[in-house]
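Residue numbers start from 1 in every chain, and the chains themselves are labelled A, B, ... in the order their sequence lines are given, proteins ahead of strands.
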Amino acid sequence: MQTIPVKLGLIVAAMSLSLTACLPFEKQDAKVSINKNPFPSTYKTLPQQNTLFTNATVLTGTGQRFDNADVLMVDGKITQVGVGIVAKDVLTINAQGKWLTPGIIDVHSHLGVYPSPSVESHADGNEMTAPNTAEVWAEHSVWPQDPGFQAARAGGITSLQILPGSANLFGGRGVTLRNVPSETMQGMKFTDAPYGLKMACGENPKRIYGSRKQQPSTRMGNVAGYRAAWAAATEYKRAWDKYNSDYAAGKNSQPPTRDLELDTLMGVLDGEILVHNHCYKAEEMTVMIDLGKEFNYNSGTFHHGIEAYKIADKLAKNANCVAMWPDWWGFKMEAYDMVEENVAIVDAVKNSCAIVHSDSDITIQRLNQEAAKVMYRANENGFALKPEDAIKWITFNAAKSLGINDKTGSLSAGKNADVVLWNGNPFSVYAQAEQVFIDGAKVYDRHDERYQAKSDFLLGQE
Amino acid sequence: MKFKQLTKLAQLTKVAPFNKVTLTIILSLTCLTHAVQAKTIAITNATVYTVASQGILSQATVIIENDIITAINPEQVNADETIDANGRILTPGLIGSMNALGLVEVAAVAKTLDGGDKKADITFDASLAFNPKSTLIAYSRKGGITSNIIAPSGGEDLFAGQTFAANLSGDFSSIIAKQNAVLVYLGAKSKGSRAQRLQALDHSFADLQKKLDKKASKEAKQAAKQAANKDDQPAKELKRDEKVIKALLSGEKPLLAYADRATDLLALLALKQKYSLDLVLVSASDAVLIADEIAAADVPVIMSAIDNLPSSFDSLHGDLSNMSVLVNAGVKVILAPKGDSHNLNQLRFDAGIAVANGLAKTEALSALTANVADVFKLNSGRIAVGKNADLVLWSADPFELSTKVDVMWISGKQVSTQSRQDALRNRYMAQNDMPKAYSK
């Protein structure tokens, strides 16, 4: 029984092949293709100086710690990490008593889209007009003059993902930025970083749209909304795949009608856009994992996973990253079951990807302290975490979640020289970033005003 | 024993400046009568941050009898229970302020919110809604917080209501002082002008002052008439709201005014001058611009240590060093994070951030203890004889992220720092073949 359809299929395929071959040469219209990078990065490295840091306590971001170690940056890359490095024609910074870490990465920020001052004219972070706004891109809302970028840089933030808000099932695309001052979003855009797709579970979508008497007004309405969208995206992708293969086969077929919403969802199905899903609760994250399997995409990174500790095994097994706060809770029912060891419990499972994120223009300035709180509270309750473990949550794992861990997130040869020099152990409340480097260029210096950028907005305010 | 306590209490009453403190002492006396026998606790070998005239004491002993600190470094120690601090730091319990602890369980669940009401006015007393069993309270104890000033969020009226003080024991008898300050929110408005509220505030004082003057002269006339045996109608009694304004005018109750822009802060300083108010500025983002004026007017400032962004046109001068700048100018500051009550236990870390940005550690500790006690007239916030035994023994530096509360006492009673969060963690870290719901 089962062989018949296969045979039939072969016959049909053979017929269509022979038909094509028999037709006179078909004149093809110009190939229609989707420009996947219409707002390309214009980011340029700031003036670089090849630099050797000596005698530092080095946390690599990948679980290692080196004491009294040296780190060499040349032409914007880390070239060596070790002891007794000798280099010619470089600036040497004696980092005795200081600590070096990779540049800090926040996977969840609304800087630029919900900037300071928080005025209506600048509240551009959430297109709350329909439950599915996969067609909007956060980058088109970024105000590069948000003074929050400078404050975050003083806290060691070198890269960050700007996401749309969480009112919608599909909130739109997120963008990863380098934290450099620029007049334009493109001037900050992280070259070749994949886009993110913001999705949201739970209370927000059902509250926002339910209160308008439209779907979704329940969690089951949420899931029906995702499924309908992914079903449409699957059809859309099939249509484009068919058009592309037909065109390749010489046919002059009609391209599908462009749909910006479905472009983004298709990007996920193609593995080019990474899912970033605001999702707090154990049962909902588990449904989202199955949803990804149903439509053949990876369910990506769960953000604000307050209850991730309840399903840590499942999350690691499915290769999900989870971005968490150390202790925010209680603002909604879905944030009620917070435990201070959440990040540590998720992290303890093999192949896990635990991240500490901010979602705040205040705590983004101290993600090191946010990670520290997790480490110390967990160690009071049976864990034995060290600084070299905790730093991963705000560097390498964050880079992995954003699909940029081949470029940044760790201090190892070949990586971008995104580096923070701390005045001491970064997991102390008294720790401050002294100098911050992006691609080997100094972008912040606590003791040198020339490296303290100021937003246009704050200029001349008395 | 009882006699000794009474003598001590009598002494305290003598120095206690305000009725609220006296009330507290009477309450604690009532508690004493229930105790079978007085219990004495000695905390020995501690590094004691007294936040009082004695400064920092090394290898010191603090004696608690029932709910009161009765001795520091006594010649003889004769205690029912001795705790060797082993050099660890002992501080007064930290005091939170300007939050909704006990008036909120889940911020987005309306039925768990009791901090505000459309009809709330100057008489609004949210302490009637205080829930000492809220899970936020046990969690807040992890931060070494032993008592707290709870602020209502108000309603449509100019005045948001009155604050109250409660301890974090979780007991039904947690409330220390009701209606201990009046709250008003000023500054930028989405509709209308900020001037209207400032003017209305001025008018409420002026109107009552006029009425009080009139009443006083009428009463004087009556007294004269009565002396001459003539009958007359007595002067009308003040209304409830007028009594509160009177308490503000007499300086009996502090006026807590939320405002940020320097012009609003200056307008408030002028009102203080005009009506001799016991003014306290809250939030006060621009305070650094007029630090000397605020110091000269002897007005305390309740502020966040970490709000450094220009979040509005009223607060363009935020900086992590602001608290330090104000203290150096001679302003008494209280540290209180803005907004949410759920993470009140972060208070000590905010203090650490202020220290990293220039504030002296002892000043930072005062901003969480003695300064709050002074402004709200609490008999706590210092380690001194006669003070309420709200104490925290820390594993190390109280402000450091790696430090935890080792032991804490509220009114002399040791309290737990375990919370619902610990129960959840324990459940999910326990090994059990059965579903987690069976691990309790």
Measuring from atom [atom1] of [X] to atom [atom2] of [Y], what distance do you get when rounded to the nearest 0.5 angstrom?
X        : Y        : atom1 : atom2 : value
A/Ile306 : B/Leu424 : CD1   : CG    : 11.0 Å
B/Leu309 : A/Asp146 : CG    : CG    : 7.5 Å
A/Asn425 : B/Ser402 : CG    : OG    : 8.5 Å
B/Met429 : A/Glu341 : CE    : CD    : 7.0 Å
A/Gln432 : B/Asn357 : CD    : CG    : 5.0 Å
B/Lys404 : A/Glu380 : NZ    : CD    : 5.5 Å

Side chains of [X] and [Y] in contact at under 4.5 Å (non-hydrogen atoms):
X        : Y        : value
A/Glu340 : B/Asp422 : no
B/Leu316 : A/Phe457 : yes
B/Asn343 : A/Phe331 : no

Region of [X] that comes under 4.5 Å of a non-hydrogen atom in chain A:
X        : result
B/Leu136 : both
B/Asp307 : both
B/Arg420 : side chain
B/Lys436 : neither
B/Thr135 : both
B/Ser312 : backbone

Counting heavy-atom pairs closer than 4.5 Å to chain A, which one of [options] comes out on top?
options                                : answer
B/Arg427, B/Lys142, B/Gln346, B/His317 : B/Gln346
B/Val355, B/Val109, B/Asn308, B/Val104 : B/Asn308
B/Ser315, B/Ala356, B/Ser419           : B/Ala356

For chain B, which candidate among [options] shows the most heavy-atom pairs at distances under 4.5 Å?
options                                : result
A/Lys310, A/Met333, A/Lys332           : A/Lys310
A/Gly330, A/Ala335, A/Ser116           : A/Gly330
A/Glu203, A/Arg207, A/Glu462, A/Arg377 : A/Arg377

Can you give me every donor-acceptor pair (side chain of residues 360-368 of chain B, partner residue at least two apart or in another chain, under 3.5 Å) with its distance?
{"residue": "B/Lys361", "atom": "NZ", "partner": "B/Asp397", "partner atom": "OD2", "Å": "3.1"}
{"residue": "B/Ser366", "atom": "OG", "partner": "B/Thr362", "partner atom": "O", "Å": "3.0"}

Requested in this report: Sort by residue number and list every member of residues 363-374 of chain A having a non-hydrogen atom under 4.5 Å from chain B.
Outcome: A/Gln365, A/Arg366, A/Gln369, A/Ala372, A/Lys373
Report task. Assess whether atom CD of A/Glu120 is packed by more than 12 heavy atoms of other residues, nucleotides or ligands within 6.0 Å. Result -> no
Report task. Assess whether atom NZ of A/Lys386 is packed by more than 12 heavy atoms of other residues, nucleotides or ligands within 6.0 Å. Result -> no
For [X] and [Y], which I'm curious about, is there any donor-acceptor pair between the side chains at under 3.5 Å?
X        : Y        : answer
B/Glu105 : A/Tyr336 : yes
A/Glu307 : B/Tyr428 : no
B/Gln421 : A/Asp327 : no

Toward chain B, the part of [X] with a non-hydrogen atom under 4.5 Å:
X        : value
A/Phe383 : side chain
A/Tyr430 : both
A/Asn342 : neither

Requested in this report: Check B/Phe399 against A/Val429 and note the closest heavy-atom contact, atom names and distance.
Outcome: O-CG1, 3.3 Å
Query raised in the report: Is it true that a side-chain atom of B/Glu400 and a backbone atom of A/Ser428 form a donor plus acceptor pair closer than 3.5 Å?
Result: no
